[in-house]
Protein chains: 2
Amino acid sequence: MQSVDRALRLVDRAAEAGPEGLTLNGAAEALGVAKSTAFNLLKTLLAHGFLREERPGPRYFLGMSLMRFGDLVAQQLPVAEISRPLLRELTAVTSLTSRVAVVDDGCPVFLERVDGPGTVRFHAPLGCREAPHASAAGKAILATYDEDRVRTICKAEGLVPHTRLTITDVEALLADLEETRARGFAIDDEEDAEGVFCIGAAFTDHQNRCLGAVSVTGIRAEASASRVLHIGQTVREYADRLTQELGGRIAQLPPPSLGALPRPVGRR
Amino acid sequence: MQSVDRALRLVDRAAEAGPEGLTLNGAAEALGVAKSTAFNLLKTLLAHGFLREERPGPRYFLGMSLMRFGDLVAQQLPVAEISRPLLRELTAVTSLTSRVAVVDDGCPVFLERVDGPGTVRFHAPLGCREAPHASAAGKAILATYDEDRVRTICKAEGLVPHTRLTITDVEALLADLEETRARGFAIDDEEDAEGVFCIGAAFTDHQNRCLGAVSVTGIRAEASASRVLHIGQTVREYADRLTQELGGRIAQLPPPSLGALPRPVGRR
DNA sequence: AAATCACGTTCGTTATTACCGAATAAACCG
DNA sequence: CGGTTTATTCGGTAATAACGAACGTGATTT
């Protein structure tokens, strides 16, 4: 479905363009089509509110419909729905940004976020596959898998470095996962972003199979070793509560296949 | 652009279908096209993560990409970005769900929401045009307009009743707006939904032109008259703070045209 | 357990539709 | 005010998306 494909790719481009916005020529060039073609695509997306036009010198941005639908997605996913009050509590208790992710091919996909009171903003996108080896949620998930499966996932994803502390060696990762199991929660100590730490713990279904992870994010400098341990216990506790509350409604579980999941855009 | 149009309409249908999901036959029927056509559309949307497929008996739901994009929209709108910490504070202070809306043709369009601690869930969708006459944010906005403009908007939108307390008479609305001006904030007393009250106050640009409104939502039974007045003052205060903080960055204002904005789906 | 039924999926043909490129109009900049 | 860039319109053409029938597949019923 060529034209639909192109239209949806335009939405992607608009997302990447960010606050700069997308121009007609830019859109045409990005798709490799004639200007008039891009024009028609843009107008159709506009009519449905998938894009928003700002004048003068028409620039195109992500539209309001996407906000509306995005909001609905979260409401329709049982895990997001159930975890929301827990995340709010967790953030209230720890004063940290907390999130919940479900697992997709070993990678965490974040579904819900509750921002902490801090003024610092974390770039914590929703709906993206995150690196399993460089995030607390990812490592919490991997820690529930056996060695073979971890190796397979690592081979598929590649242990790409995000910071100078990112674990890029499989053996080192396996050792870290061993510690994680012993501890009961995973620690990301500036392995995903400089100056940022995360703590994550997995939640499971009634058969003890990993469904995803809960995690909190904060400023590394503000976290002493003892505080990290204490926070870890708390996160562990909330992940367990989520496991239990999920137990009731196992009927609708997070989908085994989440569809085509892009990498985060605009990462720095 | 027929095929794109149809594809986007399918996303709409999937949103309306909610947790029930969308079936192939349902999709084909909704669009009035052959099954194979709907099939191809669905697959294309699936490939881009705009829809999500759940098996067996394939059902289609809103996809992860929509969550991702929806999240990005909020990040790219200056008003949403600036108001977020204010809303968090406002919710912390009042223990109520707080929201911010910008104005679009006299109607409030909600961009951001911070849920209160209460267990009660308000169906407060983002990215939709809400009724101007039956919401606190809407009345707060209308109160900044002159009589002619209010009449024009009412004629265009129609004063459709949502509850038995909804104001359906223009003269009564104008009187209410007069009170609102005197008070400094608008009150929606079960006019939008049974048992629910809202309080809203407008924020403006440096030329005192209305840009939108801040509002809080709570359970009617839990709000005494004196508490309402107190909350009103607080909301008024936060709207003013938003006006000031916005003053610095007037460069990028909420877009005059927000594009095609649908009515809320799934309202009850 | 077999057969029916309903629904999803595939395929080939046709004409509709979306693509292109040139021409026009509008906006922007010096 | 004129040059330049950028958006928008238009008509011809060919590729593309629509259709309908045929095939699988999974669930349900007797």
Side-chain angles (χ1 to χ4, degrees), chain A residues 1-14 17-63 251-253 255-260, chain B residues 1-14 17-63 251-253 255-260:
Chain A
M1 217 83 170
Q2 193 183 58
S3 61
V4 176
D5 190 82
R6 285 172 170 171
L8 302 186
R9 278 170 57 197
L10 271 190
V11 177
D12 249 309
R13 291 300 295 199
E20 306 296 321
L22 199 61
T23 156
L24 173 61
N25 279 331
E29 196 173 344
L31 293 181
V33 300
K35 276 190 299 185
S36 55
T37 302
F39 181 75
N40 286 324
L41 289 168
L42 288 171
K43 287 300 174 191
T44 308
L45 287 165
L46 228 57
H48 285 262
F50 277 66
L51 292 183
R52 182 170 54 85
E53 189 184 30
E54 214 160 311
R55 291 180 168 277
R59 297 253 159 165
Y60 300 94
F61 305 88
L62 297 179
Q252 296 183 47
L253 274 188
S257 162
L258 292 169
Chain B
M1 217 82 171
Q2 194 183 57
S3 61
V4 176
D5 190 81
R6 286 171 170 173
L8 303 186
R9 277 170 57 198
L10 272 191
V11 178
D12 249 308
R13 293 299 294 201
E20 305 296 320
L22 198 61
T23 146
L24 173 60
N25 279 330
E29 196 173 345
L31 294 181
V33 300
K35 277 192 298 184
S36 54
T37 303
F39 180 76
N40 286 323
L41 289 168
L42 287 171
K43 288 300 173 192
T44 308
L45 287 165
L46 229 56
H48 286 263
F50 277 66
L51 292 183
R52 182 170 53 85
E53 189 184 29
E54 214 159 311
R55 292 183 170 275
R59 298 251 157 167
Y60 299 94
F61 305 88
L62 297 179
Q252 296 183 48
L253 274 187
S257 164
L258 291 169

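Protein chains get the first letters and strands the later ones, always in sequence-line order, with residue 1 at the start of each.
Looking at heavy-atom distances under 4.0 Å, A:Arg6 makes contact with sugar-phosphate atoms alone, never a base.
The nearest heavy atom of DNA chain C to A:Ser3 and to A:Lys35 marks one nucleotide each, and the one closer to the 5' end goes with A:Ser3. Between A:Val4 and A:Lys43, the one whose closest nucleotide on DNA chain D sits nearer the 5' end is A:Lys43.
Between the side chain of A:Ser36 and the base of C:dG21 there is at least one donor-acceptor pair of N/O atoms closer than 3.5 Å.
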Under-3.5 Å N/O pairs linking protein and nucleotides 25-30 of chain C:
{"from": "C:dC28", "atom 1": "OP1", "to": "A:Gly57", "atom 2": "N", "distance (Å)": "3.3"}

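Computed from coordinates, the A:Gln2 CD to C:dC20 P distance equals 8 Å when rounded to whole Å. Computed from coordinates, the B:Leu22 CG to C:dC7 C1' distance equals 14 Å when rounded to whole Å. Atoms CG (B:Asn40) and P (C:dG8) sit 14 Å apart, rounded to a whole Å. Atom CG of A:Leu10 and atom C1' of C:dC19 are 14 Å apart (whole Å). Between the CZ atom of B:Phe39 and the C1' atom of C:dT9 there is a distance of 5 Å, rounded to whole Å. Distance A:Leu45 CG to C:dA18 C1': 15 Å, rounded to the nearest Å.
Heavy-atom minimum distance, B:Pro58 versus B:Glu53: CB-OE2, 3.9 Å. Contact between B:Phe61 and B:Glu20 at its shortest, heavy atoms only, is CE2-C, 3.9 Å. The heavy-atom pair separating B:Ala14 from B:Leu62 by the smallest distance is CB-CD2, 3.8 Å. Of all the heavy atoms in B:Val4 and A:Ser3, the pair that sits closest is CG2-O, 3.6 Å.
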Please walk me through it: do A:Tyr60 and A:Leu10 pass side chain to side chain contact (heavy atoms under 4.5 Å, CB included)? CA-CA 10 Å; A:Tyr60 300 94; A:Leu10 271 190; over 6 Å; no
Do A:Asp12 and A:Leu8 pass the side chain to side chain contact (heavy atoms under 4.5 Å, CB included) test, and can you show the C-alpha distance, the side-chain angles, and the key distance before you say yes or no? CA-CA 7 Å; A:Asp12 249 309; A:Leu8 302 186; over 6 Å; no
Can B:Thr37 and B:Leu31 be said to form a side chain to side chain contact (heavy atoms under 4.5 Å, CB included), step by step? CA-CA 10 Å; B:Thr37 303; B:Leu31 294 181; over 6 Å; no
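Expressed to the nearest 0.5 Å, how far CZ of A:Arg59 lies from CG of A:Leu22 amounts to 9.0 Å. Between atom CZ of residue A:Arg13 and atom CD of residue A:Glu29 there is a gap of 9.0 Å, rounded to the nearest 0.5 Å.
In this structure, of C:dC20, C:dC19, C:dG8, it is C:dC19 that holds the atom nearest to the side chain of B:Met1.
With a cutoff of under 4.0 Å to any heavy atom of chain A, the contacted region of DNA chain D is bounded 5' to 3' by D:dT6 to D:dA18.
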